[in-house]
Amino acid sequence: MTTTATAPQATVDTVETVPSFIMDAWWTPDAGAAASATPVRDASTGEVLAKVSTEGLDLAAVVDYGRTTGQKELGQFTFHQRALKLKELAQYLNDRREHFYTFSAQTGATKVDSMIDIDGGIGVLFTFGSKGRRELPNSRVVVDGPMEVLSKDGSFAGEHIYTRIPGVAVQINAFNFPVWGMLEKFAPAFLAGVPTIVKPATPTGYVAAAVVKAIVESNILPKGSLQLISGSVRGLLDVLDYRDLVAFTGSASTALSLKSHPNVVQGGVRFTSETDSLNAAILGPDAVEGTPEFDAFVKSVVTEMTAKAGQKCTAIRRAIVPQELVAAVSAAIGKRISERVVLGDPRADGVTMGALASVEQLNDVRAAVQTMLDNGGELAYGTLDSPSVTSADGSTGVVDGGAFMAPVLLNWQDPEAEEVHSLEAFGPVSSVIGYKDLPDAVRLAARGGGSLVASVCTNDPAVARELVTGIAAHHGRVLMLNREDARSSTGHGSPVPHLVHGGPGRAGGGEELGGIRSVMHHMQRTAIQGSPNMLTAVTGVWHAGADRNFTVETEGTHPFRKSLETLRIGDAVRSDLRQVTLEDITAFANSTGDTFYAHTNHEAAEANPFFPGIVAHGYLLLAWGAGLFVEPAPGPVLANYGLENLRFITPVAAGDSIRVTLTAKKITPRETDEYGEVAWDAVLTNQNDEIVATYDVLTLVAK
């Protein structure tokens with residue numbers, strides 16, 4: 001027998017207000033603000049869970065606290081120290097995932113949906129905790145590119161550095177990913193040393209608040225580094241200026257309103273946005289029924305229609321397929337939905353797709369679909385009627401107050417119909433449209449006006465090349481899907497912290513994630529000019545032309561005998577000359593097998609415009625260089641682990657001599673180990689002081 005579940009009764013007066021965390025204390029409005037509070041409901045039952053209000057909140061004080069206390073506290077840490085805190089926080093939150101899943105289920109999210117949001121967000125913390133230590137210096141300044149010599153004698157030079165912006169990062173997030181959306185913005189800002197003010201969307205902000213509560217209880221973050229505003233932030237941009245950054249995720253209309261604010265247009269507030277996106281997936285003409293690519297394509301479309309009930313800015317809205325495959329693709333998508341999708345309360349066993357985040361969202365999606373139907377769309381699968389769903393108690397029926405919608409697939413007789421390329425139904429909705437040839441597929445994909453992501457599903461390299469190069473400039477990310485990566489791919493709709501998330505045009509024109517790139521978004525690049533000594537003082541990296549301390553002469557100590565505690569930038573050693581003979585070159589050629597003619601055939605070498613005759617192997621010179629600078633006894637230098645930036649400049653013939661000058665260029669202590677990394681500037685010169693080779697020697701040195 002079919003039963004109908006009814007929503008539990010609740011009133012705004014009987015539930016608590018979702019708190020804000022500001023100025024390192026929890027805050028809620030006074031009792032008088034209850035009348036204007038916004039109710040937040042369980043997506044599956046309609047039950048009122050909480051209320052949201054920021055009436056009486058002093059936004060100027062919140063911003064000032066971030067700019068002062070937050071900036072001061074974060075400024076005490078290096079990039080590596082901040083990265084370690086991100087790792088520690090990730091581990092702390094990872095142990096509490098099940099607690100967060102309980103809150104997430106109330107948003108209509110299934111266990112898999114919750115993992116995407118919660119585990120994905122924690123994974124971003126882990127990634128930036130790792131990348132920060134591997135790819136950033138253990139300092140507070142990042143050097144961008146090589147020094148530029150600006151005077152003939154080398155006494156005046158310039159280069160670029162990154163330093164953190166002096167304000168706050170205001171992060172306004174969408175309702176669909178209350179945890180991932182918060183943490184993927186927070187991690188790079190924190191790593192850069194910029195305090196965060198996070199404003200989650202009202203319908204699901206209580207999930208973000210639960211995570212922030214755990215973060216506060218962990219006592220891992222320095223004061224002022226994270227503040228949470230639960231509710232409206234109307235007027236927040238009024239108190240921001242050029243020192244600050246706003247990172248927005250949400251609708252294009254709201255983004256337009258925000259970036260039209262005078263403090264953005266005229267006041268210099270940095271603004272980045274990620275907005276609407278009519279993402280496409282293109283099926284190659286080779287991917288016919290029965291191929292792994294056809295199956296992977298159908299699976300991907302269904303996954304993106306149903307994960308988070310289609311409420312993903314990266315979901316596939318347009319499946320662009322060869323005209324002759326429209327019917328087959330539509331039938332296969334419908335078949336997979338009917339066989340695999342169980343709609344209902346995510347707390348019920350067996351449910352694979354939950355409710356939309358709110359009834360308001362449900363109404364918006366239904367209205368968008370109806371508009372599409374009125375303008376040429378045809379139902380290929382699904383209905384707009386209220387669906388029968390599985391309730392938490394296992395019963396089935398139509399739930400009053402629940403925001404449930406069954407998946408809907410549309411076909412279009414006219415692939416040029418404006419609505420399929422301009423109207424985003426932000427729910428479990430997708431359209432199949434046909435293309436004539438590859439240029440037509442590229443053109444149709446571009447009709448989206450700029451998107452976050454597209455997929456190209458083909459096993460033909462030529463097809464992949466034409467489609468990807470044709471659509472790349474219209475998208476922030478392109479996934480190439482075939483039989484080789486179908487099982488290992490993270491999927492069309494899953495941004496990864498290593499790669500850029502964002503897109504041009506209607507997608508907002510912003511850019512997030514992308515590894516350390518996103519850290520730099522929170523920093524100012526500045527050109528600095530001065531003497532090599534002054535550049536060295538500011539950056540903590542030795543520059544050619546800056547003072548050296550030849551420690552053997554001044555202290556009687558080889559720099560390799562110094563631990564990190566006593567080694568200083570600019571400590572150096574200069575070797576004696578060593579002559580190269582023809583016998584040395586021949587012996588190296590014979591012992592290594594490198595008998596390239598320049599090292600073995602005088603006539604051929606002399607005919608080469610680069611060589612004066614037989615010349616020494618570059619790697620022979622590097623090996624000799626190591627022998628010239630090494631201090632052989634056991635000591636602070638633990639290992640040589642590589643060379644960087646190697647360039648051979650002047651050839652060395654038999655009878656020439658070489659010497660090496662080695663200078664401590666960059667010292668990077670490791671926070672968690674009893675050793676650190678030292679990069680040494682190495683220069684090989686000949687008997688005429690001409691530069692033979694330049695490179696960096698990398699060593700591990702005990703603290």
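Note that this is a predicted model, so its numbers are computed, not measured. Note that the numbering runs from 1 along the sequence shown for the chain.
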Determine, step by step, whether N173 and T249 satisfy the side chain to side chain donor-acceptor pair (under 3.5 Å) criterion, reporting the C-alpha distance in whole Å, the side-chain angles of both residues, the deciding distance to 0.1 Å, and the verdict.
-> CA-CA 5 Å; N173 297 321; T249 299; 4.8 Å; no
Indicate yes or no for a side-chain donor-acceptor contact from [X] to the backbone of [Y] under 3.5 Å, with no hydrogens or angles considered.
X: S494; Y: T490; answer: yes
X: S230; Y: P19; answer: yes
X: S358; Y: Q361; answer: yes
X: R447; Y: R443; answer: no
X: Q227; Y: T196; answer: no
X: R477; Y: G503; answer: no
X: S20; Y: I229; answer: no
X: S422; Y: E418; answer: yes
X: N279; Y: S451; answer: no
X: S130; Y: F126; answer: no

If you look at every heavy atom in [X] and [Y], which pair is closest and at what distance?
X: G108; Y: S44; answer: CA-OG, 4.3 Å
X: V246; Y: L237; answer: CG2-CD1, 4.4 Å
X: V429; Y: M405; answer: CG2-CE, 3.9 Å
X: P178; Y: A208; answer: O-CB, 3.6 Å
X: S430; Y: A319; answer: OG-N, 4.4 Å

Can we say [X] and [Y] salt-bridge, meaning some charged N sits less than 4.0 Å from an Asp/Glu carboxylate O?
X: K85; Y: E671; result: no
X: R41; Y: E47; result: no
X: E304; Y: K312; result: yes
X: R67; Y: D241; result: yes
X: R517; Y: E511; result: no

Worked check of side-chain contact (heavy atoms from CB on, under 4.5 Å) between F128 and V519 = CA-CA 9 Å; F128 279 91; V519 178; 4.1 Å; yes
Answer whether the closest heavy-atom distance between the side chains of [X] and [Y] falls below 4.5 Å.
X: P195; Y: E73; value: no
X: R270; Y: V264; value: no
X: L356; Y: F426; value: no
X: F103; Y: T204; value: no
X: I197; Y: V63; value: yes

Whether over 12 other heavy atoms sit under 6.0 Å from M520 CE =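 More than 12 heavy atoms, drawn from other residues, nucleotides or ligands, come within 6.0 Å of this atom.
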Please indicate whether R234 has more than 12 foreign heavy atoms, meaning atoms of other residues, nucleotides or ligands, lying under 6.0 Å from its CZ.
->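 No, not enclosed.
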Measure the acute angle between the ring planes of W180 and F177, then classify it against the limits of 30° and 60° as parallel, tilted or perpendicular.
->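 Taking F177 first and then W180, their aromatic rings stand perpendicular (interplane angle over 60°).
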Are a donor atom and an acceptor atom from the side chains of [X] and [Y] found within less than 3.5 Å of each other?
X: R82; Y: T78; result: no
X: S273; Y: T275; result: no
X: Q524; Y: R164; result: no
X: N263; Y: Y242; result: no
X: H492; Y: S455; result: yes
X: Y101; Y: D117; result: no
X: R318; Y: H421; result: yes

I would like to know whether K131 and H498 meet side-chain contact (heavy atoms from CB on, under 4.5 Å); could you show each step before the answer?
-> CA-CA 9 Å; K131 279 186 165 290; H498 314 71; 3.7 Å; yes
side-chain hydrogen bond (donor to acceptor under 3.5 Å, both in side chains) partner of H501, the single match among E274, E512, E184 =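 Exactly one pass, corresponding to E274.
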Tell me whether the guanidinium CZ or amine NZ of R97 lies under 6.0 angstrom from the six-membered ring centre of F100 and within 45° of its axis.
->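 No, R97 does not sit over the ring of F100.
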Residues T254, S251; criterion side chain to side chain donor-acceptor pair (under 3.5 Å); working and verdict = CA-CA 5 Å; T254 304; S251 71; 2.9 Å; yes
